[in-house]
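The first residue of the sequence shown is numbered 1, and numbering continues consecutively from there. The analysis underlying the following values was restricted to heavy atoms, covering all of them including side chains, and did not include hydrogens, waters or symmetry mates.
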Amino acid sequence: MDLTYTPEEEEFRARLREWLGETLPTLPPKPSPDDWPGRRAYDLGWQRRLYDAGYADVHWDASPTMRLIFLEETEKAGAPYVGAGFVGLLHAGPTIAAEGTAEQRARWLPPILRGEEVWCQGFSEPDAGSDLAALRTRARRDGDDYVVSGSKIWTSHAEVADWCELLVRTDPAAPKHRGISWLAMPMDAPGITVRPLRTLAGSAEFAEVFLDDVRVPVGNRVGDENDGWRVTMVTLSFERGTAFVGEVVACRRVLRELAGEARKNGRWDDPVLRRRLGRLNAEFRALWRLTQWNVSEAMGVPPAERSRDRGRTGGVPGVGGSVFKLRYSHARQELYDAAADVLGPESLDLDRPWVLERLSSLSYTIAAGTSQIQRNIVAERILGLPKGR
């Protein structure tokens with residue numbers, strides 16, 4: 001396993017670093033966290049700059065190593081996060097690139113890359129969260145359309161989205177994993193109601209979505225009818241594999257800042273705290289190496305294996321992403337618990353750095369598949385243990 005970078009990759013890093021240094025000072029001020037139309041415009045504007053500079057397609061049309069370098073350098077430079085473009089760039093876009101037809105790729109990928117359209121994720125339901133395959137949202141075939149009824153919850157960026165990657169049940173008589181289809185639903189279709197949800201941290205990036213006989217063209221189905229669970233596994237492999245990579249870099253930066261704050265306020269004299277920060281430093285260094293290992297493994301798959309069986313390809317992360325996601329989500333929570341130790345009583349002040357991040361970190365062991373689900377995946381698909389009954 002080779003974790004070193006090639007001259008071509010290092011040249012890409014240097015060119016990207018130079019472009020970031022020239023571009024970031026020219027960005028407009030960030031909008032208020034509650035101004036979602038403003039945040040949408042800001043995030044899409046940043047994506048357009050990436051597109052014009054030739055960096056827009058790194059999330060699915062570059063090698064995994066190039067994606068890794070891109071995420072590392074943009075986070076180190078303090079570049080804007082993908083924000084409202086999260087689902088399109090890191091979930092739906094890569095899935096369509098891997099599983100869509102030529103016509104679907106031509107229709108949906110360029111607007112995502114150019115910063116023209118936002119996607120949301122319609123997977124979870126009130127009674128189908130961790131057990132996603134238990135979803136009940138029904139899609140009935142009617143000529144060239146599906147007629148969709150049901151509801152979704154925790155739908156990321158639904159209030160500003162143009163499209164929704166939607167999981168529906170197209171065959172209620174089939175075993176629950178085999179009667180699901182993956183649809184691209186236009187969010188301006190009649191019959192859609194969006195109700196924003198406010199999180200513990202006060203943000204509203206999620207929403208409930210209610211669907212009342214919404215018509216979605218059959219041509220918007222990605223993959224075969226009733227093969228949506230396999231397509232969903234492709235989506236989730238991206239969500240758990242590379243979507244959090246930039247956040248590992250951010251956590252390493254936060255850790256350095258915490259050490260600096262502890263030295264200033266006297267908390268550095270506590271050997272228990274120093275030991276805790278040292279262990280977290282080792283934890284995030286190990287997570288970064290695990291990311292490189294996953295990328296190296298993906299790059300090593302022979303071309304002959306890169307077929308319609310997307311379980312192992314050079315573009316789709318493998319089950320190692322579940323190992324990463326499982327450990328990262330807990331490490332992030334431990335990091336911000338350590339931040340509370342450093343801040344002391346000021347950890348209750350919502351205006352202090354790291355306090356809101358601590359609240360949002362509580363969701364990471366649930367988001368993108370609960371830790372319990374990740375442990376099951378690791379046990380069954382990596383360790384070869386039998387499935388529970």
Within one Ile-Leu-Val-Met-Phe-Trp-Tyr cluster: [X] and [Y], side-chain cutoff 4.5 Å:
X: Leu135; Y: Val216; value: no
X: Leu183; Y: Phe123; value: no
X: Met233; Y: Ile180; value: yes
X: Val222; Y: Val168; value: no
X: Leu167; Y: Ile96; value: yes

Evaluate the side-chain proximity of [Y] to [X]: yes if any heavy-atom separation is below 4.5 Å, no if none is.
X: Thr155; Y: Val194; answer: no
X: Asp341; Y: Asp337; answer: no
X: Asp35; Y: Tyr42; answer: no
X: Leu44; Y: Val118; answer: yes
X: Arg39; Y: Val160; answer: no
X: Glu9; Y: Met66; answer: yes

How close do [X] and [Y] get, heavy atom to heavy atom, and via which atoms?
X: Ala56; Y: Leu113; answer: O-CD2, 3.3 Å
X: Ala84; Y: Trp36; answer: CB-CZ3, 4.3 Å
X: Ala189; Y: Val214; answer: CB-CG1, 3.8 Å
X: Arg332; Y: Cys251; answer: NH1-SG, 3.8 Å
X: Ser156; Y: Phe206; answer: OG-CE2, 3.6 Å
X: Ala158; Y: Val209; answer: CB-CG2, 3.8 Å

Worksheet item: Do we get Arg141 above Tyr146's six-membered ring, with its NZ or CZ under 6.0 Å from the centre and within 45° of the axis?
Response: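 Ring-cation test returns yes.
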Worksheet item: With a cut-off of under 6.0 Å to the ring centre and 45° to the axis, is Arg285 in cation-pi contact with Trp288?
Response: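 No, Arg285 and Trp288 do not form such a contact.
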Item to complete: Name all residues meeting the ring pair (Phe, Tyr, Trp, His ring centres under 6.0 Å) criterion together with Phe70; count only those two or more places apart in sequence or in a different chain, and write none if there are none.
Response: His59
Practice prompt. Go through the structure and list residues passing ring pair (Phe, Tyr, Trp, His ring centres under 6.0 Å) with Trp19, not counting sequence neighbours.
Written response: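 Listed in chain order: Trp46, Tyr55.
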Worksheet item: Who are the side-chain hydrogen bond (donor to acceptor under 3.5 Å, both in side chains) partners of Trp182, not counting sequence neighbours?
Response: Thr235
Practice prompt. Tell me, please, which residues at least two apart from Asn220 pass side-chain hydrogen bond (donor to acceptor under 3.5 Å, both in side chains).
Written response: none
Worksheet entry | Cationic N near anionic O, under 4.0 Å, Asp162 to Arg40 |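 Between Arg40 and Asp162 there is a salt bridge, with a charged N closer than 4.0 Å to a carboxylate O.
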Worksheet item: Using 4.0 Å as the upper bound for N to carboxylate O, is an ion pair formed by Arg17 and Glu73?
Response: yes
Checking the side chain of [X] only, and the main-chain atoms of [Y] only, is there a donor and an acceptor separated by less than 3.5 Å?
X: Thr23; Y: Leu20; value: no
X: Arg274; Y: Trp268; value: yes
X: Arg169; Y: Ala133; value: yes
X: Glu165; Y: Val87; value: no

Item to complete: Apply the test side-chain contact (heavy atoms from CB on, under 4.5 Å) to residues Lys152 and Leu166: give CA-CA distance (whole Å), side-chain angles for both, the deciding distance (0.1 Å), then the verdict.
Response: CA-CA 9 Å; Lys152 297 292 178 177; Leu166 185 72; 3.7 Å; yes
Item to complete: Classify the angle between the aromatic ring planes of Phe86 and Tyr81 as parallel (below 30°), tilted (30 to 60°) or perpendicular (above 60°).
Response: tilted
Worksheet entry | Residue pair Glu261, Glu257: steps toward the side-chain contact (heavy atoms from CB on, under 4.5 Å) verdict | CA-CA 6 Å; Glu261 178 66 21; Glu257 293 172 354; over 6 Å; no
Which value, rounded to the nearest 0.5 Å, describes the distance between [X] atom [atom1] and [Y] atom [atom2]?
X: Ser151; Y: Asp212; atom1: OG; atom2: CG; value: 11.5 Å
X: Glu72; Y: Arg13; atom1: CD; atom2: CZ; value: 4.5 Å
X: Leu109; Y: Leu89; atom1: CG; atom2: CG; value: 10.5 Å
X: Leu211; Y: Ile192; atom1: CG; atom2: CD1; value: 6.0 Å
X: Phe284; Y: Arg252; atom1: CZ; atom2: CZ; value: 10.0 Å
X: Gln333; Y: Leu335; atom1: CD; atom2: CG; value: 11.0 Å

Worksheet entry | Within residues 101-110 or reaching into it, pairs that qualify as salt bridge (Lys or Arg N to Asp or Glu O under 4.0 Å) - sequence neighbours excluded | Arg107-Glu117
Worksheet item: Restricting to pairs with a member in residues 171-193, which pass salt bridge (Lys or Arg N to Asp or Glu O under 4.0 Å), not counting sequence neighbours?
Response: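 The answer is Asp131-Lys176.
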Item to complete: For the pair Trp119 and Cys164, evaluate side-chain contact (heavy atoms from CB on, under 4.5 Å) and give the outcome as yes or no after the intermediate values.
Response: CA-CA 5 Å; Trp119 285 66; Cys164 177; 5.9 Å; no
Worksheet item: Any side-chain donor-acceptor pair under 3.5 Å between Thr170 and Arg221?
Response: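 Judged by distance alone, the side chains do not pair up.
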[X], [atom1]: over 12 other non-hydrogen atoms inside 6.0 angstrom:
X: Glu116; atom1: CD; answer: yes
X: Arg195; atom1: CZ; answer: no
X: Arg215; atom1: CZ; answer: yes

Worksheet item: Can you check salt bridge (Lys or Arg N to Asp or Glu O under 4.0 Å) on Glu75 and Arg253, steps first, answer last?
Response: CA-CA 9 Å; Glu75 179 58 44; Arg253 172 180 50 77; 3.3 Å; yes
Item to complete: Using the side-chain contact (heavy atoms from CB on, under 4.5 Å) rule, take Glu99 and Arg230 through it: C-alpha gap first, then chi angles, then the decisive distance, then the call.
Response: CA-CA 10 Å; Glu99 296 290 336; Arg230 183 189 62 80; 3.0 Å; yes
